[in-house]
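Below is one structure, written out as structure tokens, with a few remarks after it.
Side chains included, hydrogens not; waters and symmetry mates left out as well; all remaining heavy atoms used.
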Amino acid sequence: MYSLVHWHFIYYKMQNGKLKNLIHLHFIVFIWGFTAILGKLISIDALPLVWYRMGIASILIIIYVLIKKIKITVSKKTLLIMVLGGVVVALHWVTFFRAIKVSNVSIALATLSIGAFFTAILEPIWYKRKIIKYEIIFGLLVIVGLYFIFRVDTSYLYGMILAAISAFLAATFSIINGRLVQKEKPSIIAMVELSTGVVFLSIYFLLTNTFTVEFFQISLLDWFYLFILSSVCTAYAFIAAVKVMRFLTPYTVMLTTNLEPVYGILMALVFLGESKEINSMFYLGALIILTTVVANGILKNRSKLKK
């Protein structure tokens, strides 16, 4: 009797723990969706925005590493890969926030969803495997979805191109980190990559004489938004996401993560009033893209279970 009660208690605790981690993951994905809203609210341009974001976040993660007394031991080859990842993520964020600035959150996030299909193309090259046929079909469906979105307003073309470039860079970044996270600690990866991004952008600013008095004149409201973006949406979300992934299945994580553009678009419609700027063609295009992304994830998971 004692044994039965004991195992029932353990089972209940495990299920309760999974539920807490699932709720936590949804919260993290919601935060990622809110990143785009903050990018629109912050008045400064995309380049300085990313520089401040990466700078503040890297400082916070360095403090975290020091407090936790995490040992920093990486090989030269791994360090070079992290540095490359830092440059890629910096360019990804610059193009992403620039896309938001020149179009709107909904357009940028819907276009950014094609990142899953850039990954589908890059992964076979990186891991030397065959291209999966249904991924090509889904890729064509995404193009159809983008066509409907483009019909909303041709003035959004520049923003869509930037978001597409950002999606490609995000796919490249995910492949780089997919290898790194298998051996290295997430906090160390984040610290090196974010710090590299700051150095990379700083060199560009120095060469272009961007560091002026005006560059550092930021309103209190922008500082507030930047701190939330850097601390909650970057430093916290990065480390927390990896921790949650240890308790949930890859399938659950994948499906939940794909809700990021959904959350972001809904928040943009509610808080920024973007529903006034777009019509039914956008919703049709976005629905095609988001449905395809989720379907791709489901089929991927099923194929892995069969192996």
Side-chain angles (χ1 to χ4, degrees), residues 27-64 86-87 89-109 112 155-156 158-159 162-163 165-166 169-170 190-191 193-240 260-261 263-278:
F27 177 65
I28 293 166
V29 174
F30 180 84
I31 287 173
W32 284 338
F34 192 65
T35 297
I37 306 296
L38 289 171
K40 193 71 173 179
L41 292 174
I42 296 170
S43 62
I44 61 177
D45 197 28
L47 274 167
L49 189 159
V50 174
W51 186 81
Y52 278 108
R53 177 188 186 177
M54 298 186 87
I56 297 170
S58 60
I59 291 170
L60 292 173
I61 291 178
I62 288 170
I63 293 171
Y64 173 82
V87 173
V89 74
L91 293 174
H92 158 62
W93 280 340
V94 168
T95 49
F96 173 61
F97 285 117
R98 184 61 183 160
I100 291 172
K101 299 286 186 181
V102 300
S103 57
N104 61 39
V105 172
S106 301
I107 295 291
L109 284 175
L112 194 70
S155 64
Y156 290 136
Y158 181 44
L162 285 171
I165 294 171
S166 182
L169 291 167
M191 183 182 70
E193 288 181 342
L194 292 173
S195 300
T196 298
V198 175
V199 173
F200 172 69
L201 292 177
S202 296
I203 293 171
Y204 172 78
F205 290 152
L206 288 170
L207 292 174
T208 55
N209 296 317
T210 305
F211 284 130
T212 60
V213 176
E214 290 77 16
F215 183 91
F216 298 100
Q217 289 179 340
I218 299 177
S219 68
L220 287 175
L221 187 59
D222 277 344
W223 272 119
F224 174 71
Y225 289 145
L226 278 168
F227 185 76
I228 294 174
L229 178 64
S230 306
S231 58
V232 179
C233 300
T234 308
Y236 159 75
F238 189 98
I239 296 171
E260 178 190 345
Y263 287 152
I265 290 170
L266 288 175
M267 283 188 280
L269 298 178
V270 174
F271 297 116
L272 301 178
E274 290 190 357
S275 57
K276 300 174 184 177
E277 304 174 25
I278 54 183

Which heavy-atom pair separates [X] from [Y] by the least distance, and what is that distance?
X    : Y    : answer
C233 : T35  : CB-OG1, 3.5 Å
V105 : G264 : CG1-O, 4.0 Å
V89  : G86  : CG1-O, 3.2 Å
A237 : W32  : CB-NE1, 3.4 Å
A108 : A99  : CB-CB, 4.2 Å
S58  : L194 : CB-CB, 3.9 Å

**Message:** Counting only heavy atoms not in F224 (residues, nucleotides, ligands), do more than 12 fall under 6.0 Å from its CZ?
**Reply:**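 Atom CZ in F224 is not packed in, count stays at 12 or less.
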**Message:** Please determine whether the number of non-hydrogen atoms from other residues, nucleotides or ligands lying under 6.0 Å from atom CG of L220 exceeds 12.
**Reply:**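 Incorrect, the count does not exceed 12.
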Could you tell me the separation between the [atom1] atom of [X] and the [atom2] atom of [Y], rounded to the nearest 0.5 Å?
X    : Y    : atom1 : atom2 : value
I218 : I44  : CD1   : CD1   : 4.5 Å
L60  : Y236 : CG    : OH    : 14.0 Å
T196 : L201 : OG1   : CG    : 11.0 Å
L49  : D222 : CG    : CG    : 8.5 Å
Y158 : K101 : OH    : NZ    : 13.5 Å
L229 : F227 : CG    : CZ    : 11.5 Å

**Prompt:** Hey, mind stepping through L41 and F271 against side-chain contact (heavy atoms from CB on, under 4.5 Å) and telling me if it holds?
**Reply:** CA-CA 10 Å; L41 292 174; F271 297 116; over 6 Å; no
**Item:** Residues that S230 engages under side chain to side chain donor-acceptor pair (under 3.5 Å), provided they are two or more places apart
**Value:** none
Quick check: do [X] and [Y] have side-chain heavy atoms less than 4.5 Å from each other?
X    : Y    : result
F34  : Y263 : no
M267 : L272 : no
I42  : F97  : no

**Message:** Any side-chain to backbone donor/acceptor pair from T234 onto S231? Under 3.5 Å, distance only.
**Reply:**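 Answer holds: no.
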**Request:** Using atom types as modelled and distance alone, determine if a side-chain donor or acceptor of T95 lies under 3.5 Å from a backbone N or O of L91.
**Result:**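 Yes.
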**Asked** Where does the angle between the aromatic ring planes of W51 and F215 fall among parallel (under 30°), tilted (30 to 60°) and perpendicular (over 60°)?
**Response** perpendicular
**Request:** Check the angle between the aromatic planes of F96 and H92 and answer parallel, tilted or perpendicular using the 30° and 60° thresholds.
**Result:**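 Parallel: the ring planes of F96 and H92 meet at under 30°.
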**Partner of I265 by side-chain contact (heavy atoms from CB on, under 4.5 Å), out of I107, L109, N104** = L109
